[in-house]
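The sequence lines fix the lettering, A, B, ..., with proteins before strands; numbering per chain opens at 1. Only a predicted model underlies this, so the values are computations on that prediction, with no experimental measurement involved.
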Amino acid sequence: MEFTTLVQVIINGVLLGGVYALAAFGLSLIFGVSGVLNLAHGEFLMVGGMAVFLLFDALQNVWYVNPFILVAVVAPLFFLVGLVFEKALIQPLTQRKEHVRLASAVLVTLGAALVIEDVADFASRGSQYEKSVDFFIPSLVIGEIYLETNKLVMFGLVLILIVALFIFLRFTYVGLAVQAVTQNRRGALLVGVNTTRINAIAFGIGTALAAVAGGFEVINSMVAPNIGLPLTLKYLCIVVMGGLGSFLGVALGGVIIGLGESFLGFFYPAWSQTVAYLLLVTVLLIRPKGLFGK
Amino acid sequence: MSAPLMSVRALTVNFSGLRALDRVSFSVNPGKITGIIGPNGAGKTTLFNVIAGHYRPSGGQIIFGERNITGWKSDRVCRLGISRTYQHVRPFLGLSVYNNVKVGFLYGHQAVNWKQKELSQEIASMLEFVGLEGLGEKRAEELIPLNRKRLEVARALATHPRLLLLDELIAGLTPTETLSMMETIRQINAKGITVLMIEHVMKAVMGLSDKVVVLHHGEVIAEGSPAQVAGDQAVIDAYLGAQH
Amino acid sequence: MNKAFLFPLVVVGLLLAFPLIEMDARDYILLILFTLFLNIVLAQSYDIVGGQMGYVNLGHIVFFAIGAYAFGIFLNAQLGFVLSLIGGAGASVVFAALISYPFFRLRGAYFSLAAFGLVKLMEYVTINMGALTGGSNGLKIEAGDRVVPIFYLSLAVVVAVVICSWLIGRSQLGLAMKTIREDEEVARDFGVPVLKIKVQALLISSFFPGLMGGLYTWQLQFIDTDQVFGLKIALTPIAMAMLGGSGLLIGPIIGAVFLVGVEELIWTQLAQVHWTVTLLGYEVDIGQFAHLRGAILGLIIVLVGLFMPGGFARLPPVERMLTRAGLMTEDK
Ligand SMILES: Nc1ncnc2c1ncn2[C@@H]1O[C@H](COP(=O)(O)OP(=O)(O)O)[C@@H](O)[C@H]1O
Ligand SMILES: [Mg+2]
C-alpha cells in the first residue's frame, strides 16, 4: 500500500468515524440517562436527512441555500420531536420492573421504528427511493491526497458539536445532572435532580444529534427509508463497545469503526460492513462492559 | 476454645478512590452470635458483600472453616454454607413465596436430590417457622414489608447455612415485631447455626450477641463482649461524632 | 384426565385430520398454517430465554437462519432429508454453545444489543461465504411434493416446543431461570449457577428454530439472506411473544395466532381489492393502505408495549377465561 493511499484511507476512516460518533453520542446519552435502548434512533436520523432533503428541494428554485444551514434549522425541531417522543412513549415505562421495562422499551421503540420506516416508505412511493442533496464544493488537493471539502466541513462541524456537548456536560447544571443520572439515578433523585426533566432533555438532545447526523448523511451520501434499523444497530455497537456512559469511549468507538470500515473497504470491500459487529463481539469478549465501561 | 468458623484477615476493599474497608480483621466463633455495629457508611454492608462474593477484595483473606474463600463467586460461597439477608430486602418479587424458599433448598448448601413430597413439607415447616404459614402461594410482591423480611430469613435458612449473615434485619420494626424477630434469631442460633448480624438497634445487638465488632470508616475500632464494647471510649466517640 | 389437556388435544386432533379433507383451498390453508406454526415455534422458543429467564434475545432468529442454511447445505451434499434436518438443528445448537459464553457475560440491555448485532454480523458472514451459502444469490435445493409432510412435521415441532417449554416451566431449571429473571445477583447469592443455567436455556431455545429453519428451506426450496436474516422476521416472533404474554406458555401462541391472522387474513385480502372512496375531493384507493401494514404492525407493537406490558393473556378478562379453560400456566 502506498503512503498516499494509506493517508487517504486513514483520513476517510476518521471522517466517517466522526459522523458515526455524533449519532452514537445521541444514542449513548439516551441510553445512559433512561436505560432505554432507543431502537428508533436511526429512524430519526433518516427522517432528519429526509427533512433536510425536502427543505433543500423545496427551496432549490427560489433560493439556493447551503444545506449545512438547513441542518441547523432542522436540529431544534428534532429536539422538540425527541421531547414529545419521550413524553408519549418512554416516560410511561419508567416505573416498571427492570426486565419488564427492558422488554416494553424494546417493543415501543421497535414499533415506533417500524411505523416511521413504513410511513417514510409509503410517502416515498412515486419518487426516488434514495435521496441525496446535490451540493458540491471542489475538493481540496494536497499533494496527491484528495480531501472532499464537504467532508472536511462536516468533520469540522462534528468536532465543534462534540466539544460543545463536552462543555455542556462538564460545565452546565443540566449537563452535570445528565451525568449524575447516568451514573446513579436513585442518588441523583435523592440530591434533588428532576430526573423526569433530565430524561426528556437527554432524549431531545439525542434526537437532535441523530437528525444532524442524518443531515450530514444526506449531504455526504444518501438516505433511504430502510437505512434506519441497520444504522441503529451500528450505533448500538459503538455505544456498547465504548462503554455505557463513557463519552470518550463513544468517540473512540466511532473512530475505530470508521477506520476499520475504511481499511477493510480498501482491502476486502465485501467485509467492510461487518467491522462494527466483529469489533463489538471481540471487545465484549475481552471487556464485558466495553472499552471504557466501569 | 474451638477454632473460629470464619476469620477475616486484613480485608481491604476500595471503590474507585474510596476505601470502604481498611485491613479489617476479626473472627466468628462457631455456634455463636456475633454482632457488627458502626455508624452509617462504616462499611458493614460492604463487608457482607465481599464475604458473600460480590466483589473481590483489594487485599486480605477470608477463611471459612479450613478454606480460603477469598474471591470465590457468590454461588460457590452459598453452596459452601454461607447465606444472607439484605439490608434493603430483595426477595424474588415476581415468584411465589413457596418458590422463593424452594430456591434455597434446591441450590444451597444442602442441594441434594429432594423428593417432591419431602421438599413440600420442608418448605411448609420453614414458612411456619418464620411466621409465613398460609402465604406460600402469594407472590412475594404482595407481602407487607415485615413479611418480606421474614421471607428473606426463610430463603436464607433453606440453604442450610453454617453461617448466616443478617443485615439490619431488625431495623424498622415495631417493638413487638422486634421482640419476635429476636426470638427467631435465637431459635436459629439454637439450631446450631452461627450468626453474624449487622444491627443498629442496640437493645437487639447487646441482647443477642456473644461478641460485638465495631466498624468505623472501614476500620475495626473495637471488638469484645457487648459490655466491653459499650464502655469503650473509641466507640462512644465514633457514635457521638456520627451524631454531630 | 386433567381438563388442561383436553383443549390442546382437540386442537391437535383437528389439525391432524385437516389435510385429509378434500377441498380446493386446502393447500393454501396448509401454507398459512405452516406460516403460523413457524411463528409459534420461533416465538415459543424465543420465550424460553426471553420470557422465563428475562433475557431479551434480539438475535434469536440467527438460530433459525443457521438451521435453514445448514439444512440446505447438507441436503445439497446428499446427506439425505432426515440427517440434514437433524444436522441443521445441531448446527444451531453448536452455534448457541459457541456464543453463549461471551454473550452471557453481558447483562440486560447489553445482552440484547450484542445479540441484535449478531443478526447483521451473521447476515454478512453468510453473504460473504458464497462458496457454501450461495452468497447474495441465495441457496437452492431440490424437493418433491411436500405440502402434506411439511404440515405434519412442522406441527410435530410445534407440539415438541410447547411440551418442552411447559416441562421447563415446571422444572428446577425453570425455577432457576425465573430467579435469574427476577434478580440475577440474588439468584447467584442463593447458589444458582447462573452461567450454567443460562447456557442450558440458550441451547434448548436454539434447537427448535434450528429444526424449523430446515423445514422452512424445504418448503421454499430457495432461501436468501433477506428472508432468514431480515429484521422483520427477526423481530416479529419476539413481538408475538410479548403481545400474547411473555413468560406464559399460551402467550406466544396467542400472539402468533393474532399477528399471523392479521397479516394473512386482513392485509393480504385488502391488497387484492381496489375500493376507491372519495375523501375531501380526492379519490383514495383503500387497497393502497395495505402497503402500510408494517406501520400498522408497528403501531400494534407500540400500543402493547405502552398499555399491556403483560400481553393479551394477562388482561384480567382473558386471564379469567384462560384459567377456566385450564390453559393458564402460572408464572411465579
Ligand atoms: N458498590 C459501591 N460502589 C461505590 N461505593 C460503595 C459501593 N457500596 C458501598 N459504597 C460506599 O462504601 C461505604 C460503605 O458503605 P456500606 O458498606 O453500605 O455502609 P454501611 O452498611 O456500614 O452503612 C459508603 O461510603 C458507600 O457509599
Ligand atoms: Mg448497610
Heavy atoms, side chains only, cut-off 4.5 Å: are [X] and [Y] in contact?
X        : Y        : answer
C/Lys332 : B/Glu137 : yes
B/Asn99  : C/Glu330 : no
C/Asp189 : B/His54  : yes
C/Gln172 : B/Lys102 : no
B/Asn100 : C/Thr179 : no
C/Val186 : B/Tyr86  : yes
C/Pro193 : B/Tyr107 : yes

Heavy-atom contact with chain C under 4.5 Å, split by part of [X]:
X        : result
B/Arg155 : both
B/Ala158 : neither
B/Thr159 : side chain
B/Val103 : both
B/Tyr98  : neither

* To do: Report the C-alpha distance between C/Asp331 and B/Leu95 in whole Å, list the side-chain angles of each, state the deciding distance to 0.1 Å, and finish with yes or no for side-chain contact (heavy atoms from CB on, under 4.5 Å).
  => CA-CA 7 Å; C/Asp331 182 34; B/Leu95 301 188; 6.0 Å; no

Nearest 0.5 angstrom please: [X] [atom1] to [Y] [atom2], how far?
X        : Y        : atom1 : atom2 : answer
B/Phe92  : C/Phe190 : CZ    : CZ    : 7.0 Å
C/Leu173 : B/Leu106 : CG    : CG    : 11.5 Å
C/Arg188 : B/Cys78  : CZ    : SG    : 12.0 Å

* Asked: Is it the backbone or the side chain of C/Ile197 that comes under 4.5 Å from a heavy atom of chain B, or both, or neither?
  -> side chain

* Crowded around C/Tyr101 OH? As in, over 12 foreign heavy atoms under 6.0 Å? ->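 Not buried by this count: 12 neighbours or fewer within 6.0 Å.
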
* Asked: Is it true that atom CD of B/Glu118 has more than 12 heavy atoms of other residues, nucleotides or ligands lying nearer than 6.0 Å?
  ->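 Yes.
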
* Asked: If only atom types and distance count, is the side chain of B/Arg79 paired as donor or acceptor with the main-chain N or O of C/Gly191 below 3.5 Å?
  -> yes

* Asked: Looking at B/Lys73, B/Arg90, B/Arg84, which has the largest count of heavy-atom pairs under 4.5 Å with chain C?
  -> B/Arg90

